[in-house]
Each structure stands twice: as C-alpha cells, then as structure tokens.
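Just passing along the structure, written as structure tokens.
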Amino acid sequence: MRILHTADWQLGRRFGQFSEDAGSTLSQVRYEVVPRIFSIAQQHAAALILVAGDIFDSQTLSDQSLRRGMQLISESPVPIVLLPGNHDADMPGGVWDRVCELSNWPAHVHVLRASQSEHALVLHEHNVVICGAALSSRHAAPQLRELFARQLSAAVPAHYIKLGLAHGGVLGVLPDTVSISNPIAADTAQSLGLDYLALGDWHGTLQVNDRTAYAGTPEPDRFRNNERGQVLLVDLEAHQLPIIKAIKSAAFDWQSHHLTLQSTDDALSAIKALAQSLQEPRSMAAEQSAAALRRIVLQLEISGSIDHAAQQAMLREIQALEAKVHALSLDMSDLSIRASDTDLSALHDAGYVLSLAQQLTENLSAPESVSHQLESDALAILLEVARRT
Ligand SMILES: [Mn+2]
C-alpha cells in the first residue's frame, strides 16, 4: 500500500516578523497547501494520509480558523489520520475538544486522541493498524515504546501493516543545538516491529532510518536550511523495507543568504549578483521569473565593513530587491560602517562633529574595540545626520 506522510501544518500560524501584507499571505498559504497535499495523494494513488502532529498552530486559534481547517481536512479524498502534537496538544478544553464540539468529523477523518491512546486505530478496509502517541500537553513525552507495545498487544491479523505516528525529537539524530522536549528513541520502529514510523516536529524532511522519517513541514516557515516544503510518499509491502519518496508541496521558497563585504565595490556587486542569481537559475520567461521571485521569502545577513556612502547605495539596491520578492528580512547587525575620506571631508566645516567622526573612525580601526558595534552605529548616524543637514 502507498501512504502519504505529512506533518507540522501549523494552520493559523502568524508571521509577525514581516509586514502585515506579507505575513498574512504566509498565514494564508498554510491553508492553501492542504488541498495541494490532497491532489498529490490522488495523483500518486496514496490510500491513506498520516499527519504526524501540529496540525494547528496553537490552542487559542479562533473558532473560524478551526472551522476553516476542519473543512479543508474533511475534503481529504482518502482516509486521513491526525495526531495531536505539541502546538496542538490534546489537553482538556484544548483545540481538539473544541474541534469536536464545533462539528462532527466525517467518518474518513480519524483523530488519535490522547484519551483513547490505550488502543491502536485499526482500518480493516486497508489491512492496517496505526499506533499513535498523542501529546497531552506541550511537553508530555508519552513512554512511546511502552505505549505502542500496549496498543499492539490487541489481536490483529498478522498480515496487517503496522504504522506508528509520533511527534518529538529523535535522540542523536537532530542537530545538537535543537532542544528535545519530547524524545523518541531512534530504534522505536525496529524494536516494536512497526513497518513505518511517521514522525513530526522537525520541520525538514529527514529519514532517520529504514523505517522512520520526518516529513517536514509542507510549506516552509523559517530560514533554517534543511529540506522542507515536501511531503513523503511511502510504499509499504509486508516483509519489505518501505520505499520513501519526497514530493515538493510548497508554493513559497524561503532562502537565506549571507554576504561578507569588505569594500564599496563588494557592496553593490554582491546585491546585484544575488538579485541576478535569484532570477537566473529559472530558465523561464520574464513574467514567470518575476512571479517566481514574488514567491521568495528572503533573509539577508550582511557582515563585514564598508563606508557610509557604500552602505547607502547598497540599501537602495536592497530596497529594489525587496520590492521584487515576497518579503525580505535584513540583518546588518554584523556590518560595521566606516567613514571614507569623502564622508569626512563633507563634515569639514562642522568642527565638533568632524572631530567626533574622526575619533570614532580611529576607534573602529583599533582591533580590540569593545564597543565596536555601538561606535559603528554612532558613526553611521552621525554621517547620515550630517548628510541631511
Ligand atoms: Mn512540534
């Protein structure tokens, strides 16, 4: 049988770090990816969809947002199994209680509720048994192995395919920098004889081992450079290893770029080259290329040291680029601004200001300057004020 594995939809997520327009579109596309996932399931003849947690972004989503999400989910063309994660933990009075109060799910939508976690879900029409470890609070790691073992202890025909759904961090697999609040042992599937363990929580696609994988979020929501914006198609045959294939589902492309600048020439050419590279690899017509640019969410981190005039020219290029992409997040906190001779000569008649600018420039050239960033910012402000007066 073929299943589609997805996770971390986080419907209702807000993107306050961007402008209101750009942020609300990004919230909107999280809903729009759901029917696209269903189309992928249909195109590839998946018999079942598993969503491994964090379907909703928070417990405090409005009733309207919940109804909207539920309506979309109920349009699934095949049976769909939902697992509460940490963002949408199955707590009393929480989002899943509210969902059930708001309406009845159609029969092909299954929620693995925490209160029913002593039993696996058995879908006889598909010859499949599905274990689930719903989180009942944000950090409430169920004893996964013991829980699944109890769920599997009920009698089911031996030829049924055994699936698991869990939400958390696999120990020893995710980067050290990630704090793991709901730990999952890497060998869970193997030690319990599961054919496949579908995981959520890590937002990139990541195959943990032969029988365990993270699908990642189907629409990116951050700049971490991992594989994301995909769903997994998993082919399962009794007594064989699963065949796992990632399919792109995202409409938006989140890219992070870091530029290190040392000269005035660097500043302009680096931004122009970046703008060019965002357009170029897409060998498509100009209007298609422009449309693709409008689906890029760009993070730009700029470090190094340039003079004030170069920074101003560069900012104009960045603003032009910002107008072409969907959203741009700019971080220049590691860029220090110098005063060029031209900058200083513009201050020639401004006695005190000039001596202050010279002092700051001198301090900035000292390698051990403690308040480097502060001085750099002060100089930039000083030069900008002088330029405008
Ligand atoms: Mn999560």
Side-chain angles (χ1 to χ4, degrees), residues 4-17 26-27 29-31 33-34 37 49-61 65-66 69 73 80-91 94-99 111-114 117 131-144 147-148 163-186 188 197-208 212-232 246 249-250 254:
L4 186 149
H5 165 199
T6 172
D8 300 284
W9 295 358
Q10 295 192 224
L11 299 176
R13 182 172 171 137
R14 294 180 183 279
F15 295 87
Q17 71 269 47
L26 293 173
S27 298
V29 300
R30 306 207 75 72
Y31 290 96
V33 76
V34 175
I37 292 170
I49 296 174
L50 305 180
V51 195
D54 286 359
I55 290 100
F56 297 107
D57 184 56
S58 82
Q59 301 286 352
T60 54
L61 233 60
S65 297
L66 280 183
I73 291 166
I80 181 167
V81 181
L82 311 171
L83 179 82
N86 60 326
H87 280 260
D88 55 358
D90 193 7
M91 52 177 68
V95 73
W96 295 104
D97 276 356
R98 288 172 57 210
V99 157
V111 185
L112 301 175
R113 301 291 307 259
S117 65
C131 299
L135 297 180
S136 57
S137 72
R138 214 173 162 98
H139 306 298
Q143 296 299 311
L144 203 64
L147 182 68
F148 282 1
L163 302 173
L165 270 100
H167 190 89
V170 175
L171 300 166
V173 170
L174 300 181
D176 293 344
T177 48
V178 176
S179 80
I180 291 177
S181 44
N182 299 303
I184 296 168
T188 301
L197 176 58
L199 298 180
D201 202 27
W202 180 246
H203 283 202
T205 304
L206 179 67
Q207 188 165 349
V208 174
T212 309
Y214 285 99
T217 185
E219 189 68 56
D221 64 346
R222 58 185 73 166
F223 291 108
R224 189 188 278 274
N225 278 326
N226 52 16
E227 293 293 310
R228 65 259 152 103
Q230 309 185 118
V231 296
L232 296 178
S249 51
W254 289 51

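Residues take their numbers from the sequence shown, with the count starting at 1. Each ligand, and each atom within it, is numbered from 1 in the order the structure gives.
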Review point. Within less than 2.8 Å of the Mn ion (ligand 1), any N, O or S from His167?
Key: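 Of the N, O and S atoms in His167, at least one lies under 2.8 Å from the Mn ion (ligand 1), which means yes.
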
Review point. Can any side-chain N or O of Arg30 pair as donor or acceptor with the backbone N or O of Glu219 at less than 3.5 Å?
Key: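 Yes, the answer is positive, given that a donor and an acceptor are paired below the 3.5 Å cut-off.
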
Exercise for review: Give the atom name of whichever N/O/S atom in Asp54 sits closest to the Mn ion (ligand 1).
Suggested key: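 Closest to the Mn ion (ligand 1) among those atoms: OD2.
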
Check your understanding: Under 3.5 Å, is there a donor-acceptor pair between the His167 and Asn182 side chains?
Key ->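 No pair is found: no donor N or O on one side chain lies under 3.5 Å from an acceptor on the other.
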
Practice item. Give a yes-or-no answer on whether the side chains of Thr217 and Arg222 include a donor-acceptor pair shorter than 3.5 Å. Key: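 Their side chains do not contain a donor-acceptor pair, so the 3.5 Å distance test is not met.
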
Check your understanding: Are any N, O or S atoms from Asp201 nearer to the Mn ion (ligand 1) than 2.8 Å?
Key ->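 Yes.
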
**Study point:** Matching residue for Ile73 among Val99, Ile49, Ile55, Val51 - test: side chain to side chain contact (heavy atoms under 4.5 Å, CB included)
**Key:**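 Between Ile73 and the candidates, side chain to side chain contact (heavy atoms under 4.5 Å, CB included) is satisfied uniquely by Ile55.
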
